[in-house]
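Note sheet for the following structure.
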Amino acid sequence: APPTSSALPTAPPAAAKLDPLVASLTRVDESAAGNVPMTTVPIFGEVPADGNIALLIPAAVIAVLGFIFSIVVAFNARDEIVVELSRVEIPKMEY
């Protein structure tokens with residue numbers, strides 16, 4: 001006997017609840033789209049001119065300083081890096 005209609009799998013509802021991560025990544029913020037004045041910043045492009053630029057400047061400075069200090073640390077530790085890499089033995093390929 002063919003299965004009844006209640007035994008068939010049902011399609012998910014059209015308005016299924018989204019995962020919170022997907023919902024936050026796909027939302028549209030209408031407030032920043034048209035009614036906020038924009039400022040053009042050379043590297044970052046258009047940024048809202050409502051005080052967010054004050055947050056962008058320290059973040060950019062910290063990022064640049066972090067990059068510079070990572071190069072300085074790597075340059076000062078190059079002897080230790082070379083010693084550790086010279087201890088690595090590459091396994092012999094046997095077929």
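Atom set for the values below is all heavy atoms of this structure, side chains included, hydrogens, waters and symmetry mates excluded. None of these values were measured; they are calculated from a predicted model. Position 1 is the first residue of the sequence, and the numbers go up from there.
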Not counting sequence neighbours, which residues clear salt bridge (Lys or Arg N to Asp or Glu O under 4.0 Å) with Glu89? List them please. none
Rounded to the nearest 0.5 Å, the CG atom of Asn76 sits from the CD1 atom of Ile71 at a distance of 12.0 Å
Would a distance-only check, ignoring hydrogens and angles, find a side-chain to backbone donor-acceptor pair under 3.5 Å from Arg87 to Glu84? no
Check for me, please, whether Val61 and Phe69 land in the same ILVMFWY cluster - side-chain distances under 4.5 Å, paths through other members count. yes
Calculate, to the nearest 0.5 Å, the distance between atoms OG1 and CG belonging to Thr26 and Asp19 respectively. 9.5 Å
How is the hydrophobic cluster of Val73 composed, in terms of its other members, when Ile, Leu, Val, Met, Phe, Trp and Tyr link through side-chain heavy atoms under 4.5 Å apart, directly or indirectly? none
